[in-house]
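To start, the structure under review is shown below, and the notes come after it.
Atoms within each ligand, like the ligands themselves, are counted from 1 in listed order. Note that the coordinates shown come from a computational prediction; the quantities given were computed from them, not determined experimentally.
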Amino acid sequence: MEIAMHLFGVQTPQPAFSRRHLHCQLLSSQKHLHFATSVASASGLRCRIVQNCRSWRVLRVSCEERIVDVLKRNKTKNQICDGALNELTCVMKFGGSSVASADRMREVADLILKFPEEKPVIVLSAMGKTTNKLLLAGEKAVSCGISNVSDIDELSCVKELHLRTMDELGIDKSTVSTTTKAIAQVKELTLRTKDYLVSFGECIALLMISMIMTNYDTIILQYDAFDIGFITTDDFTNADILEATYPAVAKRLHSDWISDPAIPIVTGYLGKGWRSCAVTTLSRGGSDLTATTIGKALGLQEIQVWKDVDGVLTCDPNIYPLAEPVPHLTFEEAAELAYFGAQVLHPQSMRPAREGDIPVRVKNSYNPKAPGTLITRSRDMSKAVLTSIFVKRNVTMLDIVSTCMLGQFGFLAKVFLIFEDLGISVDVVATSEVSISLTLDPSKLWSRELIQQASELDHVVEELEKIAVVNLLQHRSIISLIGNVQRSSLILEKVL
Ligand SMILES: Nc1ncnc2c1ncn2[C@@H]1O[C@H](COP(=O)(O)OP(=O)(O)O)[C@@H](O)[C@H]1O
Ligand SMILES: N[C@@H](CC(=O)OP(=O)(O)O)C(=O)O
């Protein structure tokens with residue numbers, strides 16, 4: 001249970017909450033501090049001051065519920081603000097697959113309201129395959145001429161899906177086609193325009209779910225992520241979240257919640273470039289990262305990622321339909337799995353969860369009773385052998401063989417310096433005394449348009465050829481196994 005208490009009539013709560021800890025916010029009087037410390041120690045709890053600002057102090061106590069009891073018993077001496085005890089508890093992220101139609105949106109709204117004890121922050125992606133379709137529509141709009149924009153198939157498809165739902169909910173329909181018309185006029189689709197265009201997918205989905213929830217007489221607050229402190233780099237289509245995001249988002253969501261405890265609903269995937277102040281996106285599937293960022297920012301108890309499968313599966317169900325859910329994973333396993341091809345989670349999304357030590361639960365919105373996958377800091381590995389297998393496609397591979405003789409030193413260092421200088425990220429590496437085989441991260445290559453600009457890859461090869469014989473192999477795949485490293489011999493024996 002996440003608890004924040006106002007003791008001794010503190011006026012302004014501070015956004016400094018963390019899981020499994022009770023934060024008592026105190027006025028800066030030594031007397032009050034002394035009192036709270038003695039209450040804590042009388043109930044056998046450890047406590048220490050973790051923040052000591054000008055006008056307030058935060059006392060962190062190592063156990064929650066007991067101290068609440070103790071302090072409640074002392075209610076005459078201490079004012080406990082009940083509203084603050086109802087802190088936001090979790091974040092629930094619903095991906096495109098969960099909100100692919102009006103009916104699905106309603107089911108998601110039902111799901112949110114099904115657990116009244118939860119005080120969730122909701123994160124929402126665009127409906128179904130809207131992002132893919134908007135991107136294709138944008139590309140076609142570059143060359144089709146303004147008068148033909150409405151004939152673009154993908155746009156008609158997106159419009160048809162949204163209009164059906166919007167009609168029902170009475171939402172303004174003009175925005176998306178206005179943007180594609182603007183692209184047709186400019187005859188250019190920059191990465192920045194792409195991000196602006198696809199952002200409508202998330203924004204419209206947010207409007208729609210908000211309408212549904214309001215019809216259910218639920219008080220909600222809508223937020224565009226780029227307006228509440230999601231500050232990113234200006235790498236359009238592949239932006240990184242900057243550290244300043246955490247306090248900004250916590251401050252905004254928390255202070256709004258304290259003054260008006262309505263369910264916050266936030267657009268996933270979007271941010272605001274710190275220099276350009278334009279809308280950015282966190283690379284495809286980035287709403288998972290929005291959810292874990294909010295989880296860490298607010299120090300919530302749990303991050304729930306709702307999908308259309310019963311959790312993280314033993315392999316891609318599109319390759320092997322009988323794949324089974326994996327009940328438990330560590331943050332490291334989930335991150336590896338996402339990075340090396342399992343489309344189910346965004347590769348960066350585990351980072352905030354691990355840093356905040358907040359459990360992530362992957363659930364199925366089509367089958368909410370299924371337990372899903374729980375991702376935590378550690379798990380019992382005693383029975384684990386092989387957990388899952390997956391594939392990453394379209395990988396570029398380089399075989400680099402030193403032109404120097406055996407026993408030369410510094411070869412590896414020189415090779416990696418070249419990659420560092422060119423700002424290229426390396427994935428998997430195998431080395432021998434005189435050769436290295438490595439793969440390059442396709443998403444990074446893609447974002448820098450190296451794949452289209454063959455000359456840039458040639459440049460990498462050119463640089464490497466100064467010290468080695470280089471063989472460039474494209475369209476390869478990496479097959480990865482997530483397993484218990486203590487049993488790697490057994491796993492390899494079976495696999496090979
Ligand atoms: N190992 C895996 N476990 C679960 N799902 C996987 C795996 N590999 C690929 N997938 C695919 O990922 C999809 C869910 O991810 P995604 O489409 O991003 O969901 P959402 O849009 O709801 O965020 C599943 O429908 C499934 O087809
Ligand atoms: N709509 C964006 C962001 C996202 O996270 O989507 P999903 O949750 O459906 O994977 C995309 O398709 O990339």
**OP:** Go through the side-chain N and O atoms of Glu118 and Thr89 and say whether any donor and acceptor fall under 3.5 Å apart.
**Re:** yes
Original post:
What part of Asp316, side chain from CB on, backbone N/CA/C/O, both or neither, has a heavy atom under 4.0 Å from ligand 1?
Top reply: both
Original post:
Can you list the atoms of ligand 2 that are under 4.0 Å from a heavy atom of Glu202?
Top reply: 1 (N), 2 (C), 3 (C)
Original post:
Does a side-chain N-to-carboxylate-O contact under 4.0 Å join Arg252 and Asp256?
Top reply: yes
Original post:
What protein heavy atom sits nearest atom 6 (O) of ligand 2, and how far off is it?
Top reply: Ser125 OG, 3.5 Å
Original post:
Quick one: which ligand 2 atoms are inside 4.0 Å of a heavy atom on Gly285?
Top reply: 3 (C), 4 (C), 5 (O), 10 (O), 11 (C), 13 (O)
**OP:** Measure the distances from the heavy atoms of Gly285 to every atom of ligand 1 and state whether one is below 4.0 angstrom.
**Re:** no
**OP:** Report the nearest protein non-hydrogen atom to atom 3 (C) of ligand 2: residue, atom name, distance rounded to 0.1 Å.
**Re:** Tyr269 CG, 3.3 Å
Subject >> Heavy-atom nearest neighbour in the protein, as seen from atom 26 (C) of ligand 1, with distance rounded to 0.1 Å >> reply: Pro317 CG, 3.8 Å
Subject >> Asp195 bridged to Arg192 by N-O distance under 4.0 Å >> reply: no
Original post:
Looking only at heavy atoms of Gly268, does any of them come nearer than 4.0 Å to an atom of ligand 2?
Top reply: no
**OP:** Give the residue and atom name of whichever protein heavy atom lies nearest to atom 27 (O) of ligand 1, and the separation in Å to one decimal.
**Re:** Asn318 ND2, 3.1 Å
**OP:** From the options Val305, Leu313, Thr131, select the one whose nearest heavy atom is closest to atom 1 (N) of ligand 1.
**Re:** Leu313
Original post:
Nearest protein heavy-atom contact for atom 20 (P) of ligand 1: which residue, which atom, what distance?
Top reply: Ser97 OG, 3.5 Å
**OP:** Pick whichever of Lys307, Glu324, Met127 has a heavy atom sitting closest to atom 19 (O) of ligand 1.
**Re:** Lys307
Subject >> Charged N-O contact under 4.0 Å between Asp288 and Lys307 >> reply: yes
**OP:** Just let me know how Leu337 lines up against ligand 1, side chain, backbone, both or neither, with a heavy-atom cut-off below 4.0 Å.
**Re:** neither
**OP:** Would you mind checking which non-hydrogen protein atom is closest to atom 24 (C) of ligand 1, with the distance to 0.1 Å?
**Re:** Asp308 OD1, 3.4 Å
Original post:
Of all the non-hydrogen atoms in the protein, which one sits nearest to atom 11 (C) of ligand 1, and at what distance?
Top reply: Gln343 OE1, 4.0 Å
